[in-house]
Amino acid sequence: MELGKVLVACGWPYVNYVPHLGTLVQVLSADVVARYYRLKGEDVVMVSGSDEHGTPIEVEAVRLGISPKQLTDKNHAKVVELLKKWGFSFNNYTRTENPVHKEFVQNHLTKIYNNGYIFVQETEMPYCKKCGRFLPDRFVEGKCPYCSHEHARGDQCNACGRLLEPTFLIEPYCVICKSKPAIKRTKHWYFDLSKFSEKLRDYISSNKQLASNTRNFSLSFIKEGLKPRAVTRDVEWGIPAPFPEAENKTIYVWIEAVLGYVSATIEYFKNCGEPEKWKEYWFNKDAKTLFFIGKDNIPFHTIIFPALLLGSHESYSLPWNVSATEFLQFKGEAFSKSRRIGVFIDEALELFPADYWRYFLAATRPETKDTNFSWKLFIEKVNADLNDTLGNFIHRTLKFINSQFDSEVPEPSCLSEDDERVLKTLEERVETIANEIEDCRLQSAANDVISISRMGNQYLNEKEPWNVIKKDRDEAANTIYVAAQIVKTLALVSAPFIPFAAEELWRILNLPGNVHEQEWDEALKPLPPSHKIGEASPLFRKIEASSEKLVEKLEKVREKMSKVD
RNA sequence: AGCGGGGUGGGGUAGCCAGGAUUAACCCGCUGGGCUCAUAACCCAGAAAUCAGUAGUUCAAAUCUACUCCCCGCUACCA
């Protein structure tokens, strides 16, 4: 097979705080797919990074009395460390403050500007004389003109959900100093999305990979009519706008954040000493670019990002696939950073190993509808699937080889029809899992990994090698040879999902190298007879605590961590 | 308000886009049984849903159409 180029990315987590499990669904999805394609022998680049500009961070920094950069430096460093602990295999996890990104964004927007897609318009904005700044978005609050909610934000009212303009607010006040702002005229630069309606419609309707939810949503979005989108803001924290007479303006976060997919690729290859290689991913029609996001992010990836790429008049390929999930909810409501609702990725690892969470998130990935996180479900998945089915099958097989065959994979004499049938089914399952991952159906894929071990358990129960061995050692050898093969297959196909356990298993199997450096097809290559394996030891441990106990534990962890902070 | 998604055995999900292949699949739970190599794990059998409702299209509908009732999300800065 020809070596394909695959770029895998996930939405950039906003670093006003550490991400929660909902955000991680996207990161995990990207990681599973990236790891899979690497096993398939493709040239994979996996990128993402911290989205660190925007008013929520600036507001938070002003409140803490530090600079936005100080805040994001601290949070970014923490997130990078955590993502490593979760086993995510990024080639480049960068940030929007990195110089390559800033330069790329400015150059790219200049091209779009020169191509005539950006125009200037004057508007009115609240301006705080005391703070000496304009008050866009969340810098200003006031009474909602629709529902009279007292603390509506400049961009949207929390209570009735309506979108607002900062000037719509009744009795507005500056969120920093609480004083009443004046209204001042200001100029802003707008990206004229409507000029891309045709091309975007063609792109979306002809893209075969897009799931129907993503496609329908995007098409209806275009049908409603694309409006010009402001690309500048009157705030200091951000990338300076490169347009003539746009001093003191910065680029609107969403516009630049999506360009990060490109700049992160550029930065990666620059660091590798191959500064031109990024083009093989972005200017190559045969390259696959995959994006994993939450459903709220669809228009940015199927409309704004492609429009930005088209606007440069360069031969960028548009996203090959955008896989959007529904939401993971917590007790029926959305995870929330500000209200600390949910489980955050630092706390999660204090409670259980990364593989437990990774498996859980993949196996319950909200692919068709919102799903609810519950400790009960988490315990069920970990105990029943990972531990009892997968873990136990592996353990009973390896333990048997340890004790009955002196830790050597037995030599099969003549495989029976049953044995051949099991091996054939195994082959089919591996194929199925591959197809599912390629279709981004990770929930089924995770499930099918477990189902392989379920098949293994059934096979062992039917064959009863522990009885057979007393009369017919050859027959038992056949059975255990087949079971050992299943175990090896599991090590490989589970590797994208539970990389730590898979590597541990690879080590116990005493196979050369690292499981993550193998080829996917290695999954079905037989273990050589007489191959000596290591001492079996359980890969997972059952969660004995009740849901209530885990809620308590989480609270304790949260308390402890807030003190460290 | 508009747009999008969803309502499938006791719980959790898949199937729906491209209608039929078979008793509507899978996991948990439940009932009964088996096994004892294995982390009190494993395996088998069974009970249990006419797929929100109504009307239609069709030889055939969970799947397509229309309407109704619930739930949720989005509406351009929450994954």
Side-chain angles (χ1 to χ4, degrees), chain A residues 10-14 16 19-27 29 51 53-57 136-138 153 155-156 161-163 193 211-217 220-221 223-224 226-227 229-230 233 252-254 257 292-300 303-304 324-329 332-338 363-364 366-372 374 376-377 379-381 383-385 387-389 391-401 403-404 441 443-444 447-448 450-451 454 456-462 464-467 469 476 480 483 536-542:
Chain A
C10 56
W12 291 43
Y14 199 62
N16 54 343
H20 51 62
L21 293 183
T23 313
L24 255 272
V25 171
Q26 316 313 332
V27 185
S29 305
D51 176 9
H53 298 135
T55 53
I57 280 174
D137 308 328
R138 298 190 185 185
R153 300 186 312 239
D155 51 354
Q156 190 174 19
R162 278 179 225 260
L163 289 183
L193 282 170
S212 59
N213 64 342
T214 314
R215 185 199 321 279
N216 293 345
F217 184 83
S220 76
F221 211 87
K223 207 171 150 193
E224 281 170 37
L226 298 176
K227 298 174 199 115
R229 186 83 194 128
R233 284 292 188 273
Y252 169 51
V253 282
W254 260 113
F292 291 92
I293 56 168
K295 61 179 168 184
D296 55 326
N297 254 323
I298 292 172
F300 296 102
I303 310 277
I304 294 181
T325 62
E326 305 292 313
F327 286 136
L328 179 66
Q329 297 187 316
E333 56 181 335
F335 277 70
S336 164
K337 287 182 186 176
S338 53
T364 61
E367 290 174 356
T368 61
K369 55 186 165 193
D370 293 347
T371 57
N372 221 336
S374 75
K376 187 169 167 278
L377 186 61
I379 293 170
E380 178 192 315
K381 285 288 165 194
N383 284 357
D385 292 358
N387 191 71
D388 296 349
T389 305
N392 183 46
F393 168 68
I394 291 168
H395 192 65
R396 67 195 293 207
T397 302
L398 298 185
K399 211 66 196 276
F400 202 88
I401 297 176
S403 61
Q404 301 297 323
R441 279 155 47 221
Q443 196 188 93
S444 299
N447 223 322
D448 282 333
I450 302 302
S451 82
R454 196 166 285 123
N457 276 325
Q458 286 163 356
Y459 174 71
L460 286 183
N461 277 52
E462 274 167 30
E464 303 184 345
W466 49 90
N467 287 332
I469 198 166
I480 293 304
S537 116
L539 296 172
F540 311 101
R541 280 192 5 227
K542 199 158 188 156

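Note on naming: letters A, B, ... go to the chains in the order of the sequence lines (proteins, then strands), and numbering restarts at 1 for each one. Just so it is clear, the structure is predicted and the values come from calculations on it, not from any experiment.
- One atom, CD of Q26(A), and another, P of rC78(B), lie 14 Å apart when rounded to the nearest Å.
- Partners of F221(A) by ring-ring contact (aromatic ring centres under 6.0 Å, His included), not counting sequence neighbours, listed by chain and number: F217(A).
- Atom CG of L460(A) and atom P of rU39(B) are 14 Å apart (whole Å).
- Atom CZ in R396(A) sits about 12 Å away from atom P in rU36(B), given to the nearest Å.
- Atom CG of D448(A) and atom P of rU13(B) are 18 Å apart (whole Å).
- One atom, NZ of K399(A), and another, C1' of rU39(B), lie 9 Å apart when rounded to the nearest Å.
- Remark: T368(A) is in phosphate contact with rA14(B), judged by side-chain N or O atoms under 4.0 Å from OP1 or OP2.
- For K369(A) and rC71(B), the shortest distance from a side-chain N or O to OP1 or OP2 is not below 4.0 Å.
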Does the pair D448(A) and R441(A) meet the rule for a side-chain contact (heavy atoms from CB on, under 4.5 Å), with working shown?
-> CA-CA 11 Å; D448(A) 282 333; R441(A) 279 155 47 221; over 6 Å; no
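- Applying the side-chain contact (heavy atoms from CB on, under 4.5 Å) criterion to A536(A), with sequence neighbours excluded, gives H395(A), L398(A), K399(A), N402(A).
- Listed pair N447(A) / rC27(B) fails the phosphate criterion, with no side-chain N or O lying under 4.0 Å from OP1 or OP2.
- Residues satisfying the side chain to side chain donor-acceptor pair (under 3.5 Å) test with N457(A), not counting sequence neighbours, are R396(A).
- Taking a pair as Watson-Crick or G-U with both hydrogen-bonding distances under 3.5 Å, the stems of three or more pairs touching RNA chain B are B:1-7 with B:69-75, B:10-13 with B:25-28, B:30-34 with B:42-46, B:52-56 with B:64-68.
- A search for side chain to side chain donor-acceptor pair (under 3.5 Å) contacts involving N392(A) returns nothing, not counting sequence neighbours.
- For a distance-only test at 3.5 Å, the side chain of N461(A) qualifies as a donor-acceptor partner of the base of rC42(B).
- Across the protein-nucleic acid pair, I480(A) atom CD1 and rC37(B) atom P stand 12 Å apart, rounded to whole Å.
- Both thresholds, 5.5 Å between centres and 30° between ring planes, are met by W466(A) relative to the base of rC37(B), so the two rings are stacked.
- With sequence neighbours left out, the side-chain contact (heavy atoms from CB on, under 4.5 Å) criterion links A230(A) to Y190(A), R233(A).
- Considering only side-chain N and O atoms, K381(A) lies nowhere under 4.0 angstrom from the phosphate OP1 or OP2 of rC27(B).
- The side chain of Q458(A) contributes an N or O atom lying less than 4.0 Å from OP1 or OP2 of rC44(B).
- A straight line from CZ of F300(A) to P of rC78(B) spans 7 Å, rounded to a whole angstrom.
- Residue side chain N392(A) does not reach the base of rU39(B) through any donor-acceptor N/O pair under 3.5 Å, judged by distance alone.
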